[in-house]
Amino acid sequence: MTTIAEAERPTLEGARSPYRGGGLTPTLRGLIIGILGSLLVGGGFEYSHMVLRVSALTGWHYTIGANIMLFTIGLMFNPLVGLIRREWMLSPAEMAQVYVMWTVGSAVSVPIVSYFLPHITSMVYYASAENNWAFTVRPYIPDWVIPLHDFEVVKDFYEGRKDGAVPWDLWLPALLMWAPMLMSLYVAMISVMVILRKQWVDHERLVYPMMQLPIAMIQDDDKGIPGLVKPLFRNWIFWLGFALPFIIYTNNHLVRYLPLEYINPGGSYYYFYGETIRVRMGISFFLIGFAYFIRRDVTLGICFFFAIYMCYEFAISLMGGGHYDPMISPWSKRGPTTFVFQGFGAFAALVGVGLWSARHHLKKVWRCTFGLEAGGEAESGEIMSYRAAVLATVGSFAFMSFWLWSVGLPLWVAPIYLLFAFILYIGITRVVTEGGVPWFAPPMIASDAVAVGFGSRAVTPSGIVALGFTYSWAADLIILVMATAANGLKVVEETVRGRRRILFWSMIVALVVSLGSAIYVKLDLAYEHGGLNTSHTFKEQGFYQWEDAAMRLHQLTDPGWEYWGHAGLGASVMGMLMLARQRFLWWPFHPLAFPISVSTHKMFI
């Protein structure tokens, strides 16, 4: 694998490189290929989710679909093009450019669109005399925020339409009102990662375990000499590890079409002590592969805190079970409410201590922003200047606060909600980039921290309903634009030497294309086949937010001071774990495992 220093050797420069333009910078050709791939990431992956029922392409923090596309480029497309003319091959910088576009686009195609469209229509479709949503929830929803207001109209989206035509005149006004909000969110996520990149990559030297494979698929050999096939694909050990899971999972997907036997390496769940404890035992090739890259102290910490949580779960089951607050959403019921608040406190400590450690770097960013210090080397290698990143972050936060206020969230609650959301976003991204854990979710979501922590009485009825509209982009946090952008910036660091500012706009274009094509395909398939026949997000997971809103409106609550005490406890424990890791070389448990233990015990183990 080529290091940064080796990549700067003369063998890759100018005329001596077979790549057009030296192969060190992103190009217009890379942007065009990235756009074409983004159409597949958006529309193609949405089609695979709704019709083929394959959702893993964009599932979890490791963007499998984007990596398969990069695999295809490196193994098939590039060698075939190189056989015709070597200089037509995509350079490592161009491969990095298209990969960053595809991996960022993966975070908004199926993960966002699958929830977004049902979430803004489900209240009308599922409103009934029994739940009384039409009188308890609907009066607090502004007309402009939902596209369909009549049951007979929205029914076609869920059950299909005879001619399959999409009523774009009804959908476009609402979609255009949502677009600035979503794009502000994504610009803020990318900008925050630009601000923190140098601290994480250069100062703390995080290893970004998930990106080691994509980087290996992009880079040339150790001498920087390009070949038709990348060194990784010439390694027989790689193919040996690839063969077994490939054969098994290919067989399992062909079972639907051919008379083959299904092979289940994933095992089954086993229950102990009267079904109070559930443990899954089996073989996960996915996790075996990642275990090679994940830090050993992280995996040890996950196992350790998993064992502690299982003991805790067993103990509370003997005492009648843990307390699950009825006001909390299903997305935060990964454990008893006190425990998930402890996890939230641990995330806050993780982010807070991280920002404190980065204070010298952040001071330099601040000085560059206000012209007190020349950018120069301080912001060299970034995809946007520090001034642009800070202004984009502040501007995005201001607009998102205004938008949430327009929907009904009290003006004082909106920035606090966004603060809680970004604590979780940054914490998740830190776990992904430092620990390399691909398969986890945060212990709770920001809307529950606000509604349950502050009490529904303080948030007000319109605010409670407004929080329901955040579920589509801030509830199922198994993949994030922020995390994919952070991983992408690591790939850029290792492969792109110049003109990096192009990559910011490449990301924005990829987000727009992926989001737009996914929305188009979802609407088209839903009106043709009926959304209820294509995805689970049209069912229970499509109206959780309105059940939660109706319950919170029915029973007004006061601030949950007890829960904030548990959040403080979680923050204290996290702080001690981080201190132990810093002060004692023999300390075996990475603190990253603690805040995600409440979710990994059900999802990772």
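Owing to the predicted nature of the structure, the values given are computational and were not obtained by experimental measurement.
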What's the spacing between Y47 OH and L525 CG if we round to 0.5 Å? 7.0 Å

Are the side chain of Q212 and the backbone of V207 linked by a donor-acceptor contact shorter than 3.5 Å? yes

Classify the angle between the aromatic ring planes of W239 and F233 as parallel (below 30°), tilted (30 to 60°) or perpendicular (above 60°). tilted

Approximate separation, where rounding is to 0.5 Å, of K230 NZ and N235 CG: 15.5 Å

S332: side chain to side chain donor-acceptor pair (under 3.5 Å) partners, not counting sequence neighbours: D448

Contacts of T429 meeting side chain to side chain donor-acceptor pair (under 3.5 Å) (sequence neighbours excluded), chain-then-number -> none

Restricting to non-hydrogen atoms, name the atom on N78 and the atom on L90 that form the minimum distance, rounded to 0.1 Å. OD1-N, 2.7 Å

F584: ring-ring contact (aromatic ring centres under 6.0 Å, His included) partners, not counting sequence neighbours: W586

Mind checking what makes side chain to side chain contact (heavy atoms under 4.5 Å, CB included) contact with S517, not counting sequence neighbours? L39

For a side chain to side chain contact (heavy atoms under 4.5 Å, CB included) with I190, tell me which candidate from L503, I383, I195 qualifies. I383

Between S191 (side chain) and A188 (backbone), is there a donor-acceptor pair under 3.5 Å? no

Parallel, tilted or perpendicular, judged at 30° and 60°: which one describes the rings of F238 and F242? parallel

For a salt bridge (charged side-chain N to carboxylate O under 4.0 Å, His left out) check, start with the C-alpha distance between R205 and E434, then their side-chain angles and the critical distance, and finish with the verdict. CA-CA 9 Å; R205 298 189 179 277; E434 182 176 6; over 6 Å; no

Do N251 side-chain atoms and E261 backbone N/O form a donor-acceptor pair below 3.5 Å? yes

Between I73 and M69, does the side chain to side chain contact (heavy atoms under 4.5 Å, CB included) criterion hold? Intermediate values first, please. CA-CA 6 Å; I73 290 285; M69 293 169 66; 5.7 Å; no

T103 meets the side chain to side chain donor-acceptor pair (under 3.5 Å) criterion, sequence neighbours left out, with T63

List, one per line, each side-chain donor-acceptor pair under 3.5 Å for residues 477-492, sequence neighbours excluded.
from: T484; atom 1: OG1; to: L480; atom 2: O; distance (Å): 3.1
from: T484; atom 1: OG1; to: V481; atom 2: O; distance (Å): 2.9
from: K490; atom 1: NZ; to: E494; atom 2: OE2; distance (Å): 3.1

For residues F344 and F347, establish whether the separation of their ring centroids is below 6.0 Å. no

Please check this pair: side chain of R234 against backbone of V229, looking for a donor-acceptor N/O pair closer than 3.5 Å. yes

T27 side chain to G30 backbone, donor-acceptor under 3.5 Å: yes

Can you tell me how the ring of F440 sits relative to the ring of H61, calling it parallel under 30°, perpendicular over 60° and tilted otherwise? tilted

Check ring-ring contact (aromatic ring centres under 6.0 Å, His included) between F305 and all other residues, then give those that pass, not counting sequence neighbours. F594

Provide the full list of salt bridge (Lys or Arg N to Asp or Glu O under 4.0 Å) pairs with a residue in residues 38-47, sequence neighbours left out, each pair given once. E46-K522

Under 4.5 Å between any side-chain heavy atoms of V509 and I35, yes or no? yes

With sequence neighbours left out, the residues meeting salt bridge (Lys or Arg N to Asp or Glu O under 4.0 Å) with R85 are E87

Salt-bridge criterion met for E382 and R197 (N-O under 4.0 Å): yes

Assess whether atom OH of Y520 is packed by more than 12 heavy atoms of other residues, nucleotides or ligands within 6.0 Å. no

Please tell me if the side chains of I263 and N252 come closer than 4.5 Å, counting only heavy atoms from C-beta onward. yes

Q199 and H360 side chains, donor-acceptor separation under 3.5 Å: no

Within 45° cone and under 6.0 Å: R430 NZ/CZ vs W200 ring: yes

With sequence neighbours excluded, residues passing ring-ring contact (aromatic ring centres under 6.0 Å, His included) with W505: none

Results of side chain to side chain donor-acceptor pair (under 3.5 Å) for D202 - residues two or more places apart only: K198

For I33 versus W102, what's the shortest heavy-atom pair and its separation? O-CZ2, 3.8 Å

Could you check whether any side-chain N or O of S506 sits under 3.5 Å from a backbone N or O of M101, counting only pairs where one atom can act as donor and the other as acceptor? no

Show every salt bridge (Lys or Arg N to Asp or Glu O under 4.0 Å) that has at least one partner inside residues 474-484, sequence neighbours left out. none

